[in-house]
There are 2 protein chains.
Amino acid sequence: MKDNPAGQTRIQRHKIATITDAALDVFSTHGFRGSTVDQIAKAAELSKPNLLYYFPSKEAIHTHLLDNLLDIWVDPLRQLDPEGDPLEEILTYVRRKLAMSRDMPRESRLFANEVLQGAQHIGDSLSNFLKPLVDEKAAVIQLWMDQGALKPSDPRHLIFSIWSLTQHYADFDVQVRAVLGPEVEDPFPEAEDYLITLFSRQLKV
Amino acid sequence: MKDNPAGQTRIQRHKIATITDAALDVFSTHGFRGSTVDQIAKAAELSKPNLLYYFPSKEAIHTHLLDNLLDIWVDPLRQLDPEGDPLEEILTYVRRKLAMSRDMPRESRLFANEVLQGAQHIGDSLSNFLKPLVDEKAAVIQLWMDQGALKPSDPRHLIFSIWSLTQHYADFDVQVRAVLGPEVEDPFPEAEDYLITLFSRQLKV
DNA sequence: GTCTATATACTGATAGAC
DNA sequence: GTCTATCAGTATATAGAC
């Protein structure tokens with residue numbers, strides 16, 4: 001009854017998807033240590049032993065989530081096109097990254113939790129996988145600046161600032177909403193306005 | 001033998017200081033749920049029951065840390081002087097906040113852990129204490145912009161961006177260092193250069 | 001594949017000797 | 001005030017019936 005090379009049936013894939021989604025909910029809210037298998041099982045509407053039939057351990061679920069996340073997470077940066085218009089490429093990157101904070105806040109918080117607590121599980125990926133990508137794209141941006149298409153500034157700190165500013169609206173959502181107050185229903189439109197202005201003034205020649 | 005109104009001897013105060021310092025170490029690295037009383041006791045070079053002689057519970061230590069932190073944390077914003085030179089006031093605020101990330105990274109991470117996981121312990125303070133302060137200072141900045149002393153932009157998101165960008169260098173330190181590589185010994189000088197340039201271009205008329 | 005029941009380990013907190 | 005010993009509660013993971 002196997003219907004794909006990985007040896008998973010349609011039902012199995014569905015259950016695994018349900019579990020990972022529930023685990024993302026729980027891990028992103030309480031962190032790894034603050035989450036219990038019981039909570040995840042309940043959120044996935046499964047018994048605890050049944051959940052552990054699909055994943056060998058709590059840590060395996062967490063690792064599975066993080067492994068799949070990093071690829072998605074850096075995708076907007078990977079799409080930065082050396083052939084495109086410099087300013088538009090970077091503003092598009094900012095918009096995509098902010099959209100991810102709006103649409104995938106759980107993933108953002110999972111990642112933030114992990115890095116904040118020392119990146120125990122993905123530290124190697126940061127050096128082996130993220131650094132080369134940033135180096136590559138920073139070189140592109142540096143070239144644009146050298147050509148006079150953008151105002152000069154440190155390209156790697158420019159990338160840090162895009163990460164920091166966009167992810168802030170997911171990771172510190174509670175604080176943002178507490179400060180803005182209930183009269184601001186959705187902070188993201190005004191955040192996008194602010195960030196586009198900020199990076200235009202920072203980069204536009 | 002009491003030597004102050006709070007009823008603490010010099011030795012008691014010293015022990016409590018040792019415990020809070022150790023707890024800051026542990027909580028900021030592992031979060032509240034990820035930390036154990038044993039870890040904190042070991043870091044403070046005390047036995048677990050001895051530690052619990054000075055604080056009634058693990059949560060009491062955590063609460064004590066957070067209560068004392070918020071005041072220190074917003075102090076640079078409180079110092080923003082309506083009578084000062086607008087651009088210099090804000091750039092000084094940025095420098096002070098970045099210095100706090102450099103000199104107090106544990107406090108920054110403790111706060112980040114707390115907000116990231118929903119601000120369960122300080123949620124009320126954000127609304128009752130932080131929001132009014134931000135409202136007050138945002139009004140000052142708005143006035144400066146209306147007077148033409150600064151380029152216009154949303155003052156509250158300006159404050160968010162200062163928090164986000166400066167705290168990033170403490171909270172995501174592992175990632176920053178992984179991406180910059182070992183040849184950058186201290187990211188803070190180049191971070192300060194970048195941020196001062198960024199906010200100058202954003203605000204200078 | 002899924003369940004109930006449970007083994008095993010850890011953690012926060014306390015009892016009671018000194 | 002500080003310690004050893006320990007309790008009670010919780011958490012991960014597994015055994016074994018169905």
Side-chain angles (χ1 to χ4, degrees), chain A residues 1-4 6-66 113 117 120-121, chain B residues 1-4 6-66 110 113-114 117 120-121:
Chain A
M1 282 305 257
K2 308 296 174 63
D3 62 358
N4 76 358
Q8 290 175 353
T9 66
R10 195 164 46 85
I11 291 175
Q12 280 174 327
R13 277 201 310 278
H14 180 257
K15 287 228 171 184
I16 287 172
T18 305
I19 293 169
T20 51
D21 188 70
L24 181 56
D25 253 15
V26 177
F27 281 139
S28 65
T29 308
H30 302 101
F32 179 74
R33 284 285 304 270
S35 306
T36 69
V37 178
D38 256 333
Q39 281 177 298
I40 301 170
K42 196 164 194 174
E45 296 182 306
L46 259 63
S47 71
K48 186 162 54 170
N50 194 191
L51 186 155
L52 290 169
Y53 170 80
Y54 288 96
F55 285 92
S57 71
K58 173 184 169 181
E59 183 146 22
I61 311 175
H62 191 243
T63 303
H64 180 256
L65 279 173
L66 281 175
N113 263 305
Q117 300 190 6
Q120 301 287 321
H121 306 91
Chain B
M1 283 304 259
K2 306 296 175 59
D3 63 357
N4 75 359
Q8 290 176 354
T9 66
R10 195 166 45 85
I11 290 176
Q12 280 174 328
R13 279 202 308 279
H14 180 257
K15 288 229 171 183
I16 287 172
T18 305
I19 292 169
T20 52
D21 188 70
L24 181 56
D25 254 15
V26 176
F27 282 138
S28 66
T29 309
H30 302 101
F32 179 73
R33 285 284 306 270
S35 305
T36 70
V37 178
D38 256 334
Q39 281 178 298
I40 300 170
K42 196 164 194 175
E45 295 182 310
L46 260 63
S47 70
K48 186 163 52 168
N50 195 191
L51 186 152
L52 290 169
Y53 170 81
Y54 290 96
F55 285 92
S57 70
K58 173 184 170 181
E59 185 146 24
I61 312 174
H62 191 242
T63 302
H64 180 256
L65 280 173
L66 282 175
L110 182 75
N113 264 304
E114 169 66 11
Q117 299 188 9
Q120 301 285 321
H121 307 89

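Any value given below was found using the heavy atoms of this structure, including those in side chains, with hydrogens, waters and symmetry copies removed. Please read all numbers here as calculations on a predicted model, not as lab measurements.
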Euclidean distance, atom [atom1] of residue [X] to atom [atom2] of [N] [Å, nearest integer]:
X: A/K58; N: D/dA11; atom1: NZ; atom2: C1'; value: 8 Å
X: B/H14; N: D/dT2; atom1: NE2; atom2: P; value: 12 Å
X: B/F27; N: C/dT11; atom1: CZ; atom2: P; value: 13 Å
X: A/K48; N: D/dT12; atom1: NZ; atom2: C1'; value: 7 Å
X: A/Q12; N: C/dG1; atom1: CD; atom2: C1'; value: 9 Å
X: B/H30; N: C/dT11; atom1: NE2; atom2: P; value: 11 Å
X: A/E59; N: D/dA11; atom1: CD; atom2: C1'; value: 15 Å
X: A/D38; N: D/dA13; atom1: CG; atom2: C1'; value: 12 Å

**Item:** Geometric cation-pi criterion B/K58 and B/F32, 6.0 Å radius, 45° cone
**Value:**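 Yes, a cation-pi geometry.
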**Phosphate OP1/OP2 of D/dA11: any A/R33 side-chain N/O under 4.0 Å** =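 So the side-chain polar atoms of A/R33 never come under 4.0 Å of the phosphate oxygens OP1 or OP2 of D/dA11.
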**Prompt:** Hey, is the side chain of A/T36 poking within less than 4.0 Å of OP1 or OP2 on D/dA11, counting only N and O atoms?
**Reply:**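 It does not, given that no N or O in the side chain of A/T36 lies less than 4.0 Å from OP1 or OP2 of D/dA11.
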**Request:** Select base, sugar-phosphate, or nothing to describe what B/F55 touches, counting heavy atoms under 4.0 Å on all strands.
**Result:**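 Result for B/F55 = nothing.
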Give the nucleotide from the list [options] with an atom nearest to the side chain of [X].
X: A/P49; options: C/dA5, C/dA13, D/dA13; answer: C/dA5
X: A/Y53; options: C/dT11, C/dA5, C/dG1; answer: C/dG1
X: B/N50; options: C/dT11, D/dC3, C/dA13; answer: D/dC3
X: A/Y54; options: C/dT2, C/dA13, D/dA13; answer: C/dT2

**Asked** So which one's nearest nucleotide on DNA chain C is more toward 5', B/V37 or A/I11?
**Response**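 Looking at the nearest nucleotide for each, A/I11 comes out on the 5' side.
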Heavy atoms, side chains only, cut-off 4.5 Å: are [X] and [Y] in contact?
X: B/I40; Y: B/F27; answer: yes
X: B/Q117; Y: A/N113; answer: yes
X: A/Y54; Y: A/I61; answer: no
X: B/H62; Y: B/H121; answer: yes

